[in-house]
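Working notes, structure below.
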Amino acid sequence: KTAGLDVESLKQDGNPPSMALSGKAGSRLQVVDENQNFSTNLSQYLRKWDLLDKGFAYDVVAVFGSQSTGKSTLLNRLFGTTFDVMDETKRQQTTKGIWMCPSNYSSTLVMDVEGTDGRERGEDQDFERKSALFSLASTEVLLINLWEHQIGLYQGANMGLLKTVFEVNLSLFGGSAEQHAEGLSSSHEKTMLLFVIRDHVGSTPLTNLTTTLTQDMEKIWASLSKPDHLASAKLSDYFDLSFAALPHKILLPEKFEEAVVDLRKRFTDRDRDDFVFKPVYHKRIPADGVPFYMEGIWQKVLTNKDLDLPTQQELLAQFRCDEIAASVLEAFQDASKGVRRPIESGSVLDGLGGMMNDWRTTALAKFDKDASRYHQGVYSRKRLDLLKAIDTALSPMFMGQLKNVHKRCVATFRTDLLNGLKGEGYDFGAVVKQIGQGVEKDFINNAEEIQLKDTDWQFDDELALLRDDLKLIADQCRVDETKKMVNSIERSLRKQLAEPVEIGLAKPNADMWDSLLRIFRTMLEKSEEVYLSKAKSFNCTEEENTASLSNLQRRAWHHFRAKIGEQLSDPAILAKLKNSFEDMFRYDAAGVPRVWSPGDDIDTVFRHAKDQTLALIPLYAKIEPKDPSNAFTLPSDASVDASLDPDADFDFPSTLVIFSETKKLDLENRFKRDADAYYVEAKRSVVSSVAQ
Ligand code: GDP
Ligand code: MG
């Protein structure tokens, strides 16, 4: 034995002074203090421990395991070190940090990690991870200390921490992609993981326990997220697993001591097969470089974000996710800005939905690729934010395109409708329906194309608006078309009426009005039938039909009456009267022209012809059938569509009167003058014939 240090007595006396500089064994160094500062005294201590000039002839060992699993006790027994041991009876406070002590039995640096109780405090987890990573990265042999009953219990045995530490160790110290590509992957150091199973009862054979532990390690290794270039790395590329078991220290102190002494030999006896400090584990750092090297590792550990506390991980995730989202959004804006202007200026862009979907998926995929490695909660939240930002940017395009499609649909409907209503014989209702359905389908197709999935984008309102617009256009069109139809019916009625009126009025007799009114009525009824049969396809309402028909009646009457007026204008009626008079006065009953002789009774013939003719004036003066059943009448104030009604003040009875009383007198007088002229002429002809 190199030093006669009585650890048990030290325990009873409390902890040894941490900076006891007297003698090799009694001194420890807090290589990393509670404020996570790396000691500046390591070189000095290495010199004191006679290790500084050892070159490569030294080894490093450290320990990993849950709190109070007897780690420090083990190290002290195994290496004769003086690490603090928790005394439960005194509940003394140990000093947090990474501690270093030389082994009493060989040129070995032993490191112990001292945390504090209250592991749930984030601060402690942070230190636990950092110190574990430091231990793993800087030692040749890492003792993994655990109770037998912890085996197979993932959380209990601190396996979660081990996973994190492995993961970070791999990314920090696993070798760069370049080294890997150059086939230098074997250049990284290997580390031995020596599992020390504590309080081994012996009922479960050691081989079973080691199998479980080996499987656990392989499982952990498989579940690591590895850097791409190390994806295929195997556990055995980086670690060798070894095992040792110790009996219960309190219950079986002698057995425990024996086992410890035996285990110690694996650290000191180079001839043993299971000697742990194999050259392959050595970091190949000369002893005097160790302080600098270890400090470098510690700095790397300190600055490594992946090791940080959850809150720090979240902060990092927030920062990085924001950065990634910003760059993704920028690329998205660049890709999509080209369509903004055309949409604003009213164009309908074909395939806009496909494009929007592409930009969106591309952006999300980029985000997912880079951001999903960060804190999951933050990542998911930021992803939602990003999606919202993207959809907010896309939504005006959706609305704009929808508006433009709407406009286009309305225009198409209008022109298609006008084209569809060209020519004769179309069914208005059918044409409107067919074109309307086509346009609506076009609208829906376009709207659905740009309606991205997982959005709340709707176009029901716009579709309803479109339907309203189409209906408005169709209605306007229907009114126009109905008007046109009524006009054309009216025109042909007017033509048909002309001749019968001329003929009827040319042969005045007592039931002249009866037959004219009958003809008028028949023609009007025919026109009404034509209207009704055509109106069916216009989907006209009952009201509209009533209005149109009453309008038609008034127009028809108007034309009828106008034709009569024309046929009975002053010159026309005077000519008629003259003809009638002449027929009777200048021709005899057989239709032979009279040649008056002195004995002829000119006066009687004259009076007869004149009276007969004068009797025609009251006949022509009023449209009045002999048989009242032939009378035609219209409601005077028929409430018809004002747009269809050019002569708003319409008083039917007044239209029946053709000559007023004064007009009749006037006509009588003018006729009498003509008649008198004939009389005089007849008289003269007799005188002249006598004179010859
Ligand atoms: P550390 O926190 O892992 O360093 O644990 P310590 O070495 O400070 O010991 C914690 C407690 O476990 C102390 O009360 C020790 O007496 C006790 N202890 C040490 N070794 C053993 C052991 O082998 N078996 C049992 N059951 N207890 C032990
Ligand atoms: Mg301890």
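Counting starts at 1 for both ligands and their atoms, in listed order.
Relative ring orientation between Tyr45 and Trp49 is described as perpendicular, the plane-to-plane angle rising above 60° on a 0-90° scale split at 30° and 60°. Ring planes of Phe243 and Phe195: parallel class, angle under 30° (limits at 30 and 60°). By the 30° and 60° cut-offs, the orientation of the rings of Phe367 relative to Tyr379 is parallel.
Ring centers of Phe79 and Tyr105: at least 6.0 Å apart, outside the cut-off. Less than 6.0 angstrom separates the ring centroid of Phe398 from the ring centroid of Trp457.
Note that the CZ atom of Phe166 and the CG atom of Leu193 stand 5.0 Å from one another [nearest 0.5 Å]. A distance of 6.5 Å separates CD in Glu449 from CG in Leu352, rounded to the nearest 0.5 Å.
Close approach of ligand 1 to Ser72 (heavy-atom distance below 4.0 Å) involves ligand atoms 1 (P), 4 (O), 7 (O). The atoms of ligand 1 that sit less than 4.0 Å from any heavy atom of Gly70 are 1 (P), 3 (O), 5 (O), 6 (P), 7 (O), 9 (O), 19 (C), 20 (N). Those atoms of ligand 1 with a heavy atom of Thr69 less than 4.0 angstrom away are 1 (P), 3 (O), 5 (O). In the vicinity of Thr73, heavy-atom distances shorter than 4.0 Å reach the ligand 1 atoms 6 (P), 7 (O), 9 (O), 19 (C), 20 (N). The distance from ligand 1 to the heavy atoms of Arg198 drops below 4.0 Å at these ligand atoms: 20 (N), 21 (C), 22 (C), 23 (O). Under a 4.0 Å criterion applied to the non-hydrogen atoms of Met86, ligand 1 contributes the atoms 8 (O), 13 (C), 14 (O).
Within the protein, the N, O or S atoms lying under 2.8 Å from the Mg ion (ligand 2) are Ser72 OG.
In terms of N/O distances under 3.5 Å, ligand 1 is approached by His248. Between Asp84 and ligand 1, not a single N/O pair is under 3.5 Å apart. Taking only nitrogen or oxygen atoms, main chain and side chain alike, Gln67 does not reach within less than 3.5 Å of ligand 1. Taking any N or O of Glu114, backbone or side chain, none lies under 3.5 Å from an N or O belonging to ligand 1.
Salt-bridge annotation for Lys190 and Asp240: present, with a side-chain N of the basic residue lying under 4.0 Å from a carboxylate O of the acidic one. Taking the charged nitrogens against the carboxylate oxygens, Glu140 and Lys278 have no contact shorter than 4.0 Å, which rules out a salt bridge. Salt-bridge check for Arg360 with Asp391: passed, with a basic side-chain N closer than 4.0 Å to an acidic carboxylate O.
The part of Asp199 lying near ligand 1 is the side chain, judged by heavy-atom distances below 4.0 Å.
Contact check for Trp99 versus Leu29: no side-chain heavy atoms found under the 4.5 Å cut-off.
Relative to the six-membered ring of Tyr293, Lys283 misses at least one condition, a distance below 6.0 Å or an angle of at most 45° to the axis.
No heavy atom of Phe83 sits closer than 4.0 Å to any atom of ligand 1.
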